[in-house]
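Below, chain A is the first sequence line, B the second, and so on; all start at residue 1.
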Amino acid sequence: MSVFEENMLQAVQNEIYLCLERLGWERAQFSVERPRKNTFGHVSSNVALTLAKQLKRRPLDIANDIAAELEGKIKGLEKIEIVAPGFINFTFSPEYFQAYIPRIRKEKEDFQKSNSGKGKKVQVEFVSANPTGPLTIGHGRQAVLGDTISRILEWHDFDVTREYYFNDAGRQIRMLGLSVLARYNELMGMELDIPEGGYEGEYIIDIAADFRKKHGDLKTENDLELFINFASNAIFITIRDTLKRLGIEHDVYFNEKDLYKQGKIKEVLAVLGEKAYTYEEDGATWFKATEFGADKDRVLVKNTGEPTYRLPDIAYHREKIRRGFDLIIDIFGADHHATYPDVKSALEAMGFDTSSIRVLLHQFVTLTRNGEMVKMSTRKANFVTLDELMDLVGTDVVRYFYIMRNMDSHLNFDLALAQKQTDENPVFYLQYAHARICNILLHSSEKGIKDYEDADLTLLKEPELIALMDVMLEFKDIMDLCKKSLEPMHLANYLYRLATAFHKFYSVHRVVSENIELSKARLQLIDAVKIILANGLKILGVSAPERM
RNA sequence: GCGCACGUAGCUCAGCUGGAUAGAGCGUCGGAUUCCGGUUCCGAAGGCCGAGGGUUCGAAUCCUUCCGUGCGUACCA
């Protein structure tokens, strides 16, 4: 049996290009895609439609010419059909699909793995939540998105650095220190006095108690720095543990504080000043953002002498570029969309090329419980933490749910639904397909079919099997799409479709039957399905259970 | 006001760079199992793709106006 090196889309596209060349027609823009309906074949192209205008001929006639010219050129092709208004549909033969089964089973986790990243260095910055409280459900979306995107890039052979920008300087962190101090004083018998804008969550009390355990009773008025360090460190540890529980570990925690210690903040001010992109007004230092198209200039250093968040952001991104990544991906919540243009402008003002930076914005998570919106705020204590969510529904569900929607859309996370853990949940449907395959493989060996390596794969030819194998081969296209769009949703949807194709096949055909030869062939098939399911789930960070 | 998004079935959402009769899950109603796990499968009902205009062979998709929702528009992060 021959092995087909290219996938269907590439093979068809290349042959159409060659065909147009032979016919002396210009290269037009045309699509080669998988049609929505399987009655349109496995691959479909609109090339005749797009050529109609420049050739001044009927699309159907053009399609006929192209089809005739393609005759016998595409390996593994069963038939070409021309359909009004001028689509050319390609149907591949069962042999084409069958040829992939041994490859999948041989290459296993490396099947169709891409090396298109060529080891290029990519930095993915995500979460970067202020260390002022536990991670919430809102942070969870970004955490899972960032990690899954990282996994997708790693699959494509990029060298990925997962990074967390740790805001351990500035006003918010001082508020945290003051809040813990207030609780500490309360423990010491003083009246509780949480500062305006301070943090009121229960965890502040716990930190204060731990502080007292470690440091005992202090006269604390002048030890704010001690409280800040203790508190931010305590919260850092809980954040890291929460992420670890989700299967996420950052390679680098970049401390904002270091930007100050190493003089990077001053450097940025100096460089921008030298190039006359800053000026002083009302006691503050301003950046001339209007010269880069902004509606107004921005403050970099307040009249109190304290930098705004923009300045360290600029300094941090300057460091990112200087560290020599080929690609820098920033994942931010939608509330940050206004800040990046300023950072970009400042970097360009300093003479940096910002084309390697790609900013991904994701919309918010709306949490509902019994149909009612649950509002989230770290300062007030009425939030649901990411840990609580994992307690409720498990990490597999959390990871899948967060990426199953387009990041441009609001994610509606219905807690009541998520807690159900029933068949309404796509994760179980998917995992069940994997578990079911494992069970069938187990069953077959109990039935005495231990070795099915010598199967006759030409027996795999029923429509449900062809449809299943068609979906299996789509894996590479989906991974390419994920890389291009940096949108893991496509993989989640794909795996769901793969599971569906398998369940449909299962419901009409027995795998293990009295017909030993047929059983062997189908065992090879489902073993291959299992491999692709497991590969995809691994990229999503979701487990592939052998039984449930 | 201005900027960035979003608006598709009762609900939650797909629909990739414009393509063929707009799809799925849940919910509703009705079916399928002597059998490898029914946590499965099949069928039905349910849509002026927010509204109007434009571009073209062809629009849910691109442009434009309007309406609605979210997030920004800080010397908060």
Sugar-phosphate only, base, or nothing, as touched by A:His509 at under 4.0 Å among non-hydrogen atoms: base
Paired nucleotide for B:G25 [Watson-Crick or G-U wobble; both distances under 3.5 Å]: B:C11
Nearest-Å distance once atom P is located in both B:C67 and B:A51: 15 Å
Sugar-phosphate, base or nothing in reach of A:Ala338, heavy atoms under 4.0 Å: sugar-phosphate
Rounded distance in Å between the P positions of B:U55 and B:C41: 46 Å
Between B:G70 (P) and A:Asp335 (CG): distance, integer Å: 15 Å
Sugar-phosphate, base or nothing in reach of A:Arg547, heavy atoms under 4.0 Å: base
With A:Phe166, the ring pair (Phe, Tyr, Trp, His ring centres under 6.0 Å) member among A:Tyr316, A:Phe236, A:Phe254: A:Phe236
Cation over ring face, A:Arg436 and A:Tyr506, 6.0 Å, 45°: yes
Base-pairing mate for B:G1 - Watson-Crick or G-U, with both contacts under 3.5 Å: B:U73
Gap in Å between the two P atoms, one belonging to B:C62 and one to B:C6, rounded: 9 Å
B:C42 to B:G25 separation - C1' atoms, rounded to the nearest Å: 16 Å
Base-pairing mate for B:G68 - Watson-Crick or G-U, with both contacts under 3.5 Å: B:C6
is_close_aromatic(A:Tyr17, A:Phe30), centroid dist under 6.0 Å: yes
